[in-house]
Amino acid sequence: MLAAARSRLRRLEPAEAAHALAEAGGVLVDIRPAAQRAAEGEIPGAVIVERNVLEWRFDPTSDARLPFATSDDLQVIVICSEGYTSSLAADALRQLGLHRATDVIGGYHAWAAAGLPTTG
């Protein structure tokens with residue numbers, strides 16, 4: 001299942017993701033649970049949407065969508081702790097029609113190891 005999901009994504013290294021966010025105006029979505037964010041740290045500016053509510057918060061047709069989730073063209077870059085759950089989540093968003101959804105290779109751990117901004 002994971003390999004199939006990843007075959008449909010153009011996954012990003014942490015530095016590529018940071019560049020894409022700065023240049024393309026996308027959104028970084030941290031899907032880690034609160035306890036994991038508290039233990040590991042957070043990424044400034046990331047939108048926190050836990051995995052269990054991701055689809056209806058980003059589906060442009062949902063009454064429960066986030067205010068900025070109004071287009072299938074929104075670039076959503078999903079991040080989890082190590083880059084496994086985020087691949088499945090990004091693929092689910094692509095299945096909803098968000099054709100630019102992807103994730104960060106290595107997740108938060110790789111983001112922090114790359115020296116990108118964190119609060120922890």
Side-chain angles (χ1 to χ4, degrees):
M1 185 183 288
L2 180 62
R6 286 180 171 171
S7 74
R8 294 183 286 269
L9 302 172
R10 184 194 162 304
R11 302 180 73 217
L12 302 175
E13 293 288 343
E16 287 179 287
H19 183 270
L21 293 166
E23 296 296 316
V27 59
L28 182 66
V29 180
D30 190 338
I31 61 170
R32 295 174 298 150
Q36 203 167 34
R37 291 190 315 273
E40 296 175 348
E42 295 190 17
I43 299 171
V47 176
I48 307 300
V49 179
E50 291 191 15
R51 176 64 190 100
N52 63 328
V53 297
L54 185 69
E55 287 83 358
W56 58 84
R57 301 300 279 161
F58 278 91
D59 181 348
T61 66
S62 171
D63 292 338
R65 74 177 181 271
L66 293 166
F68 57 83
T70 59
S71 169
D72 290 342
D73 197 44
L74 177 66
Q75 183 177 28
V76 179
I77 301 172
V78 184
I79 194 164
C80 66
S81 187
E82 295 181 337
Y84 297 100
T85 305
S86 59
S87 293
L88 298 173
D91 188 53
L93 292 177
R94 290 181 67 86
Q95 290 177 43
L96 281 176
L98 283 97
H99 62 96
R100 297 175 64 201
T102 190
D103 75 323
V104 177
I105 297 168
Y108 178 86
H109 290 180
W111 180 279
L116 294 166
T118 66
T119 61

Look up atom CD in Glu40 and atom CZ in Arg32, then write down how far apart they are to the nearest 0.5 Å. 5.0 Å
Around atom NE2 of His19, are there more than 12 heavy atoms of other residues, nucleotides or ligands at under 6.0 Å? no
Backbone of His109 reached by a side-chain donor or acceptor of Glu82 within 3.5 Å: no
Does a side-chain heavy-atom distance below 4.5 Å link Trp111 with Leu28? yes
Which distance, rounded to the nearest 0.5 Å, do you find between the CZ of Arg51 and the CG of Leu88? 7.5 Å
For a 4.5 angstrom cut-off between non-hydrogen side-chain atoms, does Leu98 reach Pro60? yes
Is a side-chain donor-acceptor pair under 3.5 Å present for Arg6 with Ser87? yes
Beyond-backbone contact of Asp73 with His99, side-chain heavy atoms, under 4.5 angstrom: yes
Non-hydrogen atoms of Ile31 and Cys80 that approach each other most closely: CG1-CB, 4.0 Å
Could you check if a side-chain atom of Gln75 sits within less than 4.5 angstrom of a side-chain atom of Glu23, using non-hydrogen atoms only? no
In the structure I gave you, are the side-chain heavy atoms of Asp59 and Arg65 within less than 4.5 Å of one another anywhere? no
Closest heavy-atom pair, Gly41 versus Thr119, reported as atoms and distance to 0.1 Å, is C-OG1, 4.1 Å
When you compare the side chain of Val78 with that of Phe58, does any pair of heavy atoms fall below 4.5 Å? no
Do Glu16 and Arg10 make a side-chain contact, defined as non-hydrogen atoms from C-beta onward lying under 4.5 Å apart? yes
Does the pair Val27 and Leu74 meet the rule for a side chain to side chain contact (heavy atoms under 4.5 Å, CB included), with working shown? CA-CA 8 Å; Val27 59; Leu74 177 66; 4.2 Å; yes
Can you hop from Tyr108 to Leu116 via hydrophobic side chains spaced under 4.5 Å? yes
What distance separates Ile79 CD1 from Glu42 CD, expressed to the nearest 0.5 Å? 11.5 Å
Same cluster (ILVMFWY, side-chain, under 4.5 Å), Ile77 and Ile105: no
From Leu9 atom CG to Leu93 atom CG, the distance as rounded to the nearest 0.5 Å: 9.5 Å
Looking only at heavy atoms, which two atoms of Trp56 and Val53 are closest? And how far apart? CZ2-CG1, 3.4 Å
Is the backbone N or O of Ala64 less than 3.5 Å from a side-chain atom of Arg57, with the two atoms forming a donor-acceptor pair by type? yes
Please check if Ile43 and Val47 belong to a single hydrophobic cluster, counting links between Ile, Leu, Val, Met, Phe, Trp and Tyr side chain heavy atoms closer than 4.5 Å. no
Output yes when Arg11 and Asp103 qualify as a salt bridge under the 4.0 Å nitrogen-oxygen rule, no when they do not. yes
Single-linkage hydrophobic cluster, 4.5 Å side-chain cutoff, Leu21 and Phe68 together: no
Could you state the interatomic distance from CG (Asp72) to CZ (Arg100), rounded to the nearest 0.5 Å? 11.5 Å
When rounded to the nearest 0.5 angstrom, what distance separates CD in Gln95 from CD in Glu55? 9.0 Å
